[in-house]
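Single-structure report; data block below.
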Amino acid sequence: GETPTPASQGQIPAWLEPEHLSERQADALERTSEVLLRFQAASSAPPPADPSTVDPQTARMLEMAGLAVPFLENTVAAMEKARESLSADAMDAAVEQETEAMRNLLRAIEHFSDLKNLIELTYGEQNTVLTLLDPERVDENPAAAEMGTEERAEEALKTVRRNVDRTARMQALIAEQRASAVPQAEHGGDEAKASAAQTFDAAEAHRKAAHEHLANLLTTLENISDARQVVGAESPLVLAGQAQAELEELRRIFYTIVEHLKELHRDQSETYDATGELQAKGDGERGEFLPPLAEAQERHAALADALANALEQQADAASASEDPQAAQEGEKFAAAAVEVRTALESLRAASRILSQAKEDAANMSVDLSPAAVEQPIGLQHIQAAIEILEPPQDQEQQENEDEQQDQEQQDKEQQEQEQQEQEQQEDISKQQAERRLQEIRDREAERQRDREEAQAEQGSGVDKDW
């Protein structure tokens, strides 16, 4: 039969034993400590006599290193505690400390995020704030659903505090991008330069408004001692929603057209699903759900119109260029614009149907199935536009590269695990070989003693015959 493995016998594999995990934690601690020392040295170095000689990008990196230092210090402290807990076989405590280490490590890494990623991070966490503060949205956040009122209020406060800091840091990043983007736009003429400047003016205006709303929200939350006045209260929810709306506008500015189309496709798909679900309900159950559904469909149509206009503008600008590659890109923009315009017809038709149903629902039975017919037609044309701008082979290549990277990482981890197990087996084999060799030596020594004793007895028992 098969030899039972440790897993089949209910034993913990050697590489999951606390002693081994403690060694790996010590290794991670050592590497993180080295990074911390480098960041501390870089951020504490005296400034040059002439600041103008410092490259702006280098200065920015040094600034980010300094901002990351406190979080790396917290990371190192948590890792040290985790190592001690693992050595003491205190697994629950080790998990908490490692989670704290990861949380601080992510905060340190965050300081090196570019503008777009920082906006996405802030937007995502602000959505979390809304699910923490709004009892009606708590089901959207499984973690919040398990929290008590006080815990949700405390978590919302911490998250808002982080977002206040993030929106403040965005100001320098927006200015940095503006400084490089606006001069580059001069090649397209005064109109292109003015358009680029307006884009960054709008971005800074939305950032500033989001920061002000978040700062006011933070002050409100800090001044409320009773958590019951935080969760579900109108004032915090209004401020949180206003901040989210500004972040949404800021997010849209730095999205590419393809990213906007993908988001439109995702949101329209959700509205299509919601339309089907609402159609399955009885007339008496539809009333409260129809207004937000109709509003969502109207937003999708408005975004599709804006994207079609943007694509047409890019197509016109590219066609005016003498660069053959630009002209080829212009053809793609024009073809994508046609698809989005076609999609817009269906999205507007669905919007009219849902808006009329919203008006009629109070007095008569309404049929949403015509909207559910138009919506997938619109989705097909939006997908076609995406594939024109980002051909499937490009997407497939990117997916293959991602899969290859994931596989390489898995292979590396597997090799490390196998190497560790091999080293452990080699240690065991070496110990076994030494033990067996010693047993052989002991048996040989015992046989030698037996021979000597036998010879001695034989010699003493024979009489001399001379």
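When a residue number appears, it is its place in the shown sequence, counting from 1. Being a predicted model, the structure only gives us computed values, none of them experimental.
- Under the 4.5 Å side-chain criterion, counting only non-hydrogen atoms from C-beta, I377 is not in contact with T342.
- Of the N and O atoms on the side chains of R162 and T159, at least one donor lies less than 3.5 Å from an acceptor on the other residue.
- The CD1 atom of I174 sits 8.0 Å away from the CD1 atom of I253 when rounded to the nearest 0.5 Å.
- Between L311 and Q314, the closest side-chain pair of non-hydrogen atoms is not below 4.5 Å.
- You'll find the side chain of E155 stays beyond 4.5 Å of the side chain of T128, heavy atoms only.
- Rounding to the nearest 0.5 Å places OG1 of T271 at 11.5 Å from CD of E295.
- Checking Q380 against E339 by side-chain atom types alone, no donor-acceptor pair falls below 3.5 Å.
- Using modelled atom types, one side-chain atom of N223 and one backbone atom of T219 make a donor-acceptor pair closer than 3.5 Å.
- In terms of heavy atoms, P376 sits closest to Y272 at CD-CE1, 3.7 Å.
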side-chain contact (heavy atoms from CB on, under 4.5 Å) assessment of L217 paired with V164:
CA-CA 9 Å; L217 175 59; V164 168; over 6 Å; no

Could you please spell out the steps behind the salt bridge (Lys or Arg N to Asp or Glu O under 4.0 Å) verdict for K81 and E84?
CA-CA 5 Å; K81 291 179 180 178; E84 293 172 356; over 6 Å; no

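- Donor-acceptor pairing under 3.5 Å is lacking for the side chains of Y255 and E263.
- Judged by distance alone, the side chain of Q126 and the main-chain N or O of A240 form a donor-acceptor pair under 3.5 Å.
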Evaluate the salt bridge (Lys or Arg N to Asp or Glu O under 4.0 Å) criterion for residues R166 and E125: first the C-alpha distance (whole Å), next the side-chain angles of each, then the deciding distance (0.1 Å), finally the verdict.
CA-CA 11 Å; R166 288 166 179 149; E125 289 224 337; 2.8 Å; yes

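- Electrostatic pairing of E249 and R207 does not count as a salt bridge here, judged by no charged N lying under 4.0 Å from a carboxylate O.
- To the nearest 0.5 angstrom, L115 atom CG is 9.0 Å from E176 atom CD.
- A distance of 11.0 Å separates CZ in R252 from NE2 in H206, rounded to the nearest 0.5 Å.
- When side chains are defined from C-beta on, D305 counts as touching R348, because their heavy atoms get closer than 4.5 Å.
- The distance from the NE2 atom of H211 to the CE atom of M170 is 10.5 Å, given to the nearest 0.5 Å.
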Please test V338 against H381 for side-chain contact (heavy atoms from CB on, under 4.5 Å), starting from the C-alpha separation and ending with a verdict.
CA-CA 9 Å; V338 171; H381 288 287; over 6 Å; no

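- Between Q242 and E246, the side chains place no donor N or O within less than 3.5 Å of an acceptor N or O (distance only, hydrogens not considered).
- Donor-acceptor pairing under 3.5 Å is lacking for the side chains of S346 and Q375.
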For salt bridge (Lys or Arg N to Asp or Glu O under 4.0 Å), just list the numbers for D165 and R169, CA-CA rounded to whole Å, side-chain angles, deciding distance to a tenth of an Å, and then say yes or no.
CA-CA 6 Å; D165 174 66; R169 284 190 278 126; 3.1 Å; yes

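- Between the side chains of S235 and T220, no donor-acceptor pair of N or O atoms lies under 3.5 Å.
- Ion pairing of E312 with R341 is present here, as a side-chain N (NZ or NE/NH1/NH2) and a carboxylate O approach within less than 4.0 Å.
- K332 and I388 make their closest contact through CE-O, 3.3 Å (heavy atoms, listed as atom of the first residue, atom of the second, distance).
- Across F254 and L250, no two heavy atoms sit closer than the pair CD1-O, 3.4 Å.
- Across L347 and G378, no two heavy atoms sit closer than the pair CD2-CA, 4.2 Å.
- At least one side-chain heavy atom of H111 sits under 4.5 Å from a side-chain heavy atom of F71.
- Looking at Q97 and E80, their side chains never bring a donor and an acceptor atom within 3.5 Å of each other.
- With contacts defined as side-chain heavy-atom distances shorter than 4.5 Å, the pair L307/I382 does not qualify.
- Using a distance-only test at 3.5 Å, with no hydrogens or angles considered, a donor-acceptor pair links the side chain of T75 to the main chain of L105.
- Classification of E222 and R161 as a salt-bridged pair holds, one side-chain N sitting under 4.0 Å from a carboxylate O.
- Of all heavy-atom pairs spanning L261 and L389, the tightest one is CD1-CD1, 3.7 Å.
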E259 and T256: CA distance, side-chain angles, deciding distance, side-chain hydrogen bond (donor to acceptor under 3.5 Å, both in side chains) verdict
CA-CA 5 Å; E259 288 170 329; T256 65; 3.3 Å; yes

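- Here the CD1 atom belonging to I257 is positioned 6.0 Å from the CZ atom belonging to F333, to the nearest 0.5 angstrom.
- Inter-residue side-chain proximity for S43 and L62 is flagged as unmet; no heavy-atom pair is nearer than 4.5 Å.
- For K116, the NZ atom sits in a packed shell: over 12 heavy atoms of surrounding residues, nucleotides or ligands are nearer than 6.0 Å.
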Determine, stepwise, if the pair R152 / E146 fulfils salt bridge (Lys or Arg N to Asp or Glu O under 4.0 Å).
CA-CA 9 Å; R152 286 166 60 190; E146 297 179 1; over 6 Å; no

Evaluation steps, side-chain contact (heavy atoms from CB on, under 4.5 Å), between L86 and E23
CA-CA 9 Å; L86 287 168; E23 292 174 359; over 6 Å; no

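- A 6.0 Å sphere centred on CD of E34 holds more than 12 heavy atoms belonging to other residues, nucleotides or ligands.
- Put simply, the side chain of E390 reaches to within 4.5 Å of the side chain of K262, judged on heavy atoms.
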Passes side-chain contact (heavy atoms from CB on, under 4.5 Å), Q313 versus D316? Steps please.
CA-CA 5 Å; Q313 291 172 4; D316 291 341; 5.6 Å; no

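- The shortest non-hydrogen separation linking V340 to A304 is CG1-O, 3.3 Å.
- Side-chain contact annotation: N104 with E100, donor-acceptor N/O pair under 3.5 Å present.
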